[in-house]
Amino acid sequence: MEIVLRYFPLHLLPEFRALGHDYGECPVAEETYFNRQVQLPIYAHLTDNQIDHMIGAVRRSIATLRSGR
């Protein structure tokens with residue numbers, strides 16, 4: 001397992017959208033960001049309940065993927 005900090009596709013930030021950039025302009029970055037990675041919150045003030053909720057969600061997702069549903 002790997003933890004990597006990912007950045008939102010820059011061309012879709014409001015300041016670049018205002019310059020005319022739009023969805024579809026960088027399809028690989030968009031596909032990767034929106035469809036191929038999991039974004040979990042990581043910050044110092046997460047409560048134990050929030051962490052437990054995330055662990056449960058990841059476990060349920062893995063079980064679903066393994067079952068082929």
Side-chain angles (χ1 to χ4, degrees):
M1 180 175 288
E2 179 181 7
I3 296 176
V4 177
L5 182 60
R6 303 282 185 202
Y7 295 96
F8 189 78
L10 295 178
H11 66 290
L12 298 178
L13 291 172
E15 49 271 33
F16 290 100
R17 299 280 309 271
L19 296 172
H21 298 282
D22 206 354
Y23 288 94
E25 194 170 308
C26 299
V28 174
E30 294 166 26
E31 172 69 17
T32 300
Y33 187 84
F34 294 114
N35 299 320
R36 299 201 177 267
Q37 64 183 11
V38 175
Q39 312 266 342
L40 297 175
I42 300 173
Y43 55 91
H45 301 292
L46 284 171
T47 66
D48 287 344
N49 285 341
Q50 290 170 317
I51 293 168
D52 289 342
H53 177 76
M54 284 191 293
I55 291 168
V58 169
R59 285 182 174 158
R60 287 188 302 277
S61 297
I62 291 169
T64 299
L65 289 170
R66 285 184 176 160
S67 73
R69 285 188 267 156

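Quick note: residue numbers are just sequence positions, from 1.
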Sequence neighbours excluded - ring-ring contact (aromatic ring centres under 6.0 Å, His included) pairs with any residue from residues 27-57
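Qualifying pairs: F8-Y33, F8-F34.
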List in chain and number order the residues that pass side chain to side chain donor-acceptor pair (under 3.5 Å) with D22, two or more places apart in sequence or in another chain; answer none if no residue qualifies.
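Expected list: R17.
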Mind checking what makes side chain to side chain donor-acceptor pair (under 3.5 Å) contact with R59, not counting sequence neighbours?
none
For [X] and [Y], which heavy atoms make the closest approach, and how far apart are they?
| X | Y | value |
| --- | --- | --- |
| M54 | L46 | CE-CD1, 3.7 Å |
| A29 | P9 | O-CG, 4.1 Å |
| E25 | G20 | OE1-O, 4.5 Å |

More than 12 heavy atoms of other residues, nucleotides or ligands under 6.0 Å from CG of N35: is that the case?
yes
Would you give the length of the straight line joining atom CD1 of I55 to atom CG of D48, rounded to the nearest 0.5 angstrom?
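These two atoms lie 9.5 Å from each other.
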Shared hydrophobic cluster, I51 / I62 (ILVMFWY, side-chain heavy atoms < 4.5 Å)
yes
Between E30 (side chain only) and G24 (backbone N and O only), is there a donor and an acceptor less than 3.5 Å apart?
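Yes, the answer is positive, given that a donor and an acceptor are paired below the 3.5 Å cut-off.
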Evaluate H21 against L10 for side chain to side chain contact (heavy atoms under 4.5 Å, CB included), listing each step before the verdict.
CA-CA 10 Å; H21 298 282; L10 295 178; over 6 Å; no
